[in-house]
Amino acid sequence: MGQIRSELCIQAASALEYAGFSLGHRPHNPMTVKTRFAPSPTGYLHVGGARTALFSWLHARRHGGKFVLRIEDTDRERSTDESVNAILEGMTWLGLEYDEGPIYQTHRFERYNTVIGELMAKGLAYRCDCSRERLDGIREEQMARKAKPRYDGHCRGREVGSDAPHVIRFRNPDEGGVVVDDRVRGKVAYDNAELDDLIIRRTDGSPTYNLTVVVDDLDMGITDVIRGDDHLNNTPRQINILRALGAEPPRYAHVPMILGDDGSRLSKRHGAVSVMQYREQGILPEALLNYLVRLGWSYGDQEIFSLDELTQLFDIKDVNKAASSFNTDKLLWLNQHYIKEDDPKRIARLLSPLLGDLDIDPTQGPDLVEVVKAQQERAKTLVEMAEISAFVYKDFDEFEPKAAKKHLRPVAAEALQQVREALAIVSDWSPAALHDTVERVAELMDVKMGKVAQPLRVAVVGRAASPGIDVTLYLVGREACLRRIDRALEYIAARAGDQV
RNA sequence: GCUCCCUUCGUCUAGUGGCCUAGGACACUGGCCUCUCACGCCGGUAACAGGGGUUCGAGUCCCCUAGGGAGCGCCA
């Protein structure tokens with residue numbers, strides 16, 4: 001145990017600089033805003049956490065302050081390196097850069113123990129050796145008489161030795177109350193009589209959450225604590241610990257949580273909850289960020305925000321109090337918007353690996369940037385763009401049944417035959433010339449353009465939907481076009497044969 | 001059970017006592033554009049949880065009820 005601890009401390013060179021700060025006063029200029037995002041590494045970075053991080057980041061940027069990333073890994077049972085990496089990866093992808101950190105709480109155990117020692121010395125904390133059985137017993141009894149389950153203070157006046165196994169509890173004030181002045185909730189009052197003596201150090205010597213948060217926020221000079229509202233009820237306890245340490249509490253802002261589309265708490269069964277899953281699904285980070293910021297926050301009727309704009313406009317006070325439901329449709333709409341507006345070169349760069357997943361090498365064929373320009377208004381995600389663009393680079397396996405049934409009929413054979421001949425000899429393989437070619441065939445046959453373009457499209461694309469027929473032909477290229485038209489003609493012939 | 005929090009269209013929201021016969025966006029839907037799909041444009045359906053007050057006047061203030069959520073861990 002001691003060995004592990006010293007090992008951690010050696011790794012913690014950067015974190016140790018905080019250990020020197022004394023309590024009771026802020027080490028930083030109180031006017032300088034400093035926020036933090038403090039996830040526990042017990043899973044992936046989910047959208048709720050990402051939104052909290054975004055709010056904290058924006059608040060810091062808006063006020064020219066600092067943003068800190070702190071990893072709350074004091075629960076060694078559940079914390080994993082894998083989760084830490086997932087969180088860091090998610091933050092990087094979203095572009096939420098932190099000015100300090102990541103700081104690991106497991107590197108700061110010496111510091112927490114020092115603080116616990118101070119509280120013990122002042123009589124504000126005490127040892128407790130109550131057995132789990134006893135605790136369970138009083139808990140059961142309290143529940144039975146419909147009271148709030150809480151520690152009864154059994155060890156408050158007892159002298160519990162330091163040799164036998166024990167925990168350390170914070171001595172919560174009996175009298176008075178605590179008012180949390182929250183920037184989104186307003187003033188919330190609690191009676192100290194409702195609070196019990198919480199454990200601040202476990203039997204194994206490790207500190208607990210409510211203690212480490214307080215110590216870290218204090219040591220790091222955090223001025224604004226922005227976190228999920230599941231922490232609102234912990235806040236009075238934390239303020240009491242802060243008071244016991246003779247410190248002023250930071251400003252709090254408890255933001256509501258995000259629910260699934262059905263209004264229940266967001267969980268895996270709602271589909272994607274991890275931000276990296278959104279990347280895999282072809283969502284752009286700016287789209288996710290834009291979506292997330294509008295969940296619980298607004299600026300008049302504006303829907304589209306760049307990060308720069310948000311840095312100017314975001315105010316934590318404007319965040320709503322009520323929880324909101326995640327709506328994938330709106331995220332997709334935003335994503336389509338950003339795909340449409342973004343630089344085709346950037347989209348092409350992001351799209352390339354997704355084509356690779358479909359066994360396509362986009363360097364073997366037309367410039368991917370041209371393909372992106374043709375598809376930009378037609379895809380809600382990058383994954384979808386890859387799927388609807390595959391036909392440019394490789395022959396499709398089979399015609400989409402509905403499209404073939406409607407357009408690859410015997411009556412279409414002549415149009416296809418005609419257009420094939422025209423395409424075989426067109427000298428300038430450019431969208432403009434190809435457009436003229438298709439149009440001329442329609443005129444010659446005295447039919448509407450659709451009568452030619454649709455069978456042609458299904459022949460070349462395999463589906464009834466694609467970019468303009470001119471651009472479609474242009475991107476596919478003459479050789480592949482003629483080959484696929486022949487294949488469509490065979491298909492029609494075979495079908496006609498079946499029907500006889 | 002106890003404590004705390006929340007409640008405007010299906011969803012995200014505007015609204016801070018009269019500008020609200022409640023606005024915008026997504027979704028849905030009618031139409032236009034059109035070689036398809038998409039984009040774009042024009043239009044439509046759809047909400048102040050319920051009940052009491054206060055007020056000349058309430059979505060906006062107060063109270064109650066209902067519904068939802070969180071916390072009550074040697075989890076964070």
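Every chain is numbered from 1, with letters handed out A, B, ... down the list of sequences.
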Measure from the side-chain heavy atoms of A/Arg78 and tell me the nearest of B/rC37, B/rC72, B/rA76. B/rA76

Look at all strands and tell whether A/Gly228 reaches a base, only sugar-phosphate, or nothing, counting heavy atoms closer than 4.0 Å. nothing

The answer to which of A/Asp301 and A/Ser466 contacts RNA chain B further toward the 5' end, by nearest nucleotide, is A/Asp301

Rounded to whole Å, please give me the gap between OH in A/Tyr252 and P in B/rC4. 19 Å

For A/Arg457 and A/Arg463, work out which heavy atoms get closest and say how close. CG-O, 3.6 Å

Taking the six-membered ring for Trp and the full ring for Phe, Tyr or His, determine whether the centres of A/Tyr126 and A/Phe170 are under 6.0 Å apart. no

Taking the six-membered ring for Trp and the full ring for Phe, Tyr or His, determine whether the centres of A/Tyr491 and A/Phe399 are under 6.0 Å apart. yes

Counting the atoms with a prime plus P, OP1 and OP2 as sugar-phosphate, which does A/Ile469 contact under 4.0 Å by heavy atoms, base, sugar-phosphate, or nothing? base

Between B/rU11, B/rC6, B/rC35, which one does the side chain of A/Gln454 approach most closely? B/rC35

Closer than 4.0 Å, any side-chain N/O of A/Thr42 to the OP1 or OP2 of B/rA76? no

Between A/Leu358 and A/Ala386, what is the shortest heavy-atom contact and its length? CD1-O, 3.7 Å

G-U wobble or Watson-Crick pairing nucleotide for B/rA25 (cut-off 3.5 Å, both distances): B/rU11

Atom-to-atom span, CH2 of A/Trp333 to C1' of B/rC28 - whole angstrom: 16 Å

At less than 4.0 Å, is any side-chain N or O atom of A/Ser324 found next to OP1 or OP2 of B/rC12? Yes or no. no

When we call it a touch if two heavy atoms are under 4.0 Å apart, what does A/Thr203 touch: a base, just sugar-phosphate, or nothing? base

Compare side-chain N and O positions of A/Thr74 against OP1 and OP2 of B/rA76 and report whether any pair is under 4.0 Å apart. yes

Working to the nearest 0.5 angstrom, can you tell me the gap between A/Cys128 SG and A/Arg156 CZ? 11.5 Å

If you look at every strand shown and take non-hydrogen atoms under 4.0 Å, does A/Arg463 touch a base, only sugar-phosphate, or nothing? nothing

Can you measure A/Leu331 atom CG to B/rU11 atom P for me and round it to whole angstrom units? 18 Å

For the pair A/Thr437 (side chain) and A/Ala422 (backbone), establish whether a donor and an acceptor sit closer than 3.5 Å, ignoring hydrogens and angles. no

Just compare B/rG1, B/rC35, B/rA14 and give me whichever is closest to any side-chain atom of A/Lys146. B/rG1

Has A/Gln336 got a side-chain N or O lying under 4.0 Å from the OP1 or OP2 atom of B/rC39? yes

Candidates B/rC74, B/rC4, B/rC6 - which lies nearest the side chain of A/Ala322: B/rC6

Counting side-chain heavy atoms from C-beta on, which of B/rC12, B/rU3, B/rC74 comes nearest to A/Val167? B/rC74

Would the base of B/rG24 count as contacting A/Glu303 through its side chain, where contact means a donor and an acceptor less than 3.5 Å apart? yes

So does A/Lys406 get a side-chain nitrogen or oxygen closer than 4.0 Å to the phosphate oxygens (OP1/OP2) of B/rU36? no

For the residue pair A/Phe55 and A/Phe314, is the inter-centroid distance of their aromatic rings smaller than 6.0 Å? yes

Side chain of A/Gln105, heavy atoms from C-beta onward: which of B/rA76, B/rC26, B/rC35 has the nearest atom to it? B/rA76

Phosphate-side-chain proximity, A/Asn320 and B/rA14, N/O vs OP1/OP2 below 4.0 Å: yes

Which base sits across from B/rA58 as a Watson-Crick or G-U pair, both distances under 3.5 Å? none

Roughly how many Å is it from CG in A/Asp197 to C1' in B/rC74, rounded to a whole number? 15 Å

Which listed nucleotide (B/rA14, B/rC6, B/rC35) is nearest to the side chain of A/Arg457? B/rC35

What is the pairing partner of B/rC39, taking Watson-Crick or G-U wobble pairs with both distances under 3.5 Å in any strand? none

Counting heavy atoms from C-beta on, name the nucleotide in B/rC2, B/rC5, B/rG24 closest to the side chain of A/Arg185. B/rC5

In whole angstrom, give the distance that lies between atom CD of A/Glu387 and atom P of B/rC37. 19 Å

Starting at atom CG of A/Leu232, determine the distance to atom C1' of B/rC6, rounded to an integer number of angstrom. 11 Å

Give the nucleotide from the list B/rC72, B/rC74, B/rC26 with an atom nearest to the side chain of A/Arg237. B/rC72

Considering just the side-chain nitrogens and oxygens of A/Lys330, establish if one lies under 4.0 Å of OP1 or OP2 belonging to B/rC12. no

Can you tell me if A/Arg150 touches the phosphate of B/rG73, counting only side-chain N or O atoms and a distance under 4.0 Å to OP1 or OP2? no

Which residues satisfy the side-chain contact (heavy atoms from CB on, under 4.5 Å) test with A/Val383, sequence neighbours excluded? A/Leu354, A/Thr381, A/Glu387

Rounded distance (Å) that lies between atom P of B/rC37 and atom CD1 of A/Ile339: 20 Å

Could you tell me how far apart A/Asp229 (CG) and B/rU3 (C1') are, to the nearest whole angstrom? 15 Å

Side chain of A/Asn234: nearest nucleotide among B/rC26, B/rU36, B/rG71? B/rG71

Want to settle it: does A/Ala147 or A/Ile199 sit nearer the 5' end of RNA chain B, counting the closest nucleotide to each? A/Ala147

Tell whether A/Asn233 reaches the base of B/rA70 with its side chain through a donor-acceptor pair below 3.5 angstrom. yes

Any strand, both distances under 3.5 Å, Watson-Crick or G-U wobble: B/rC4 pairs with B/rG69

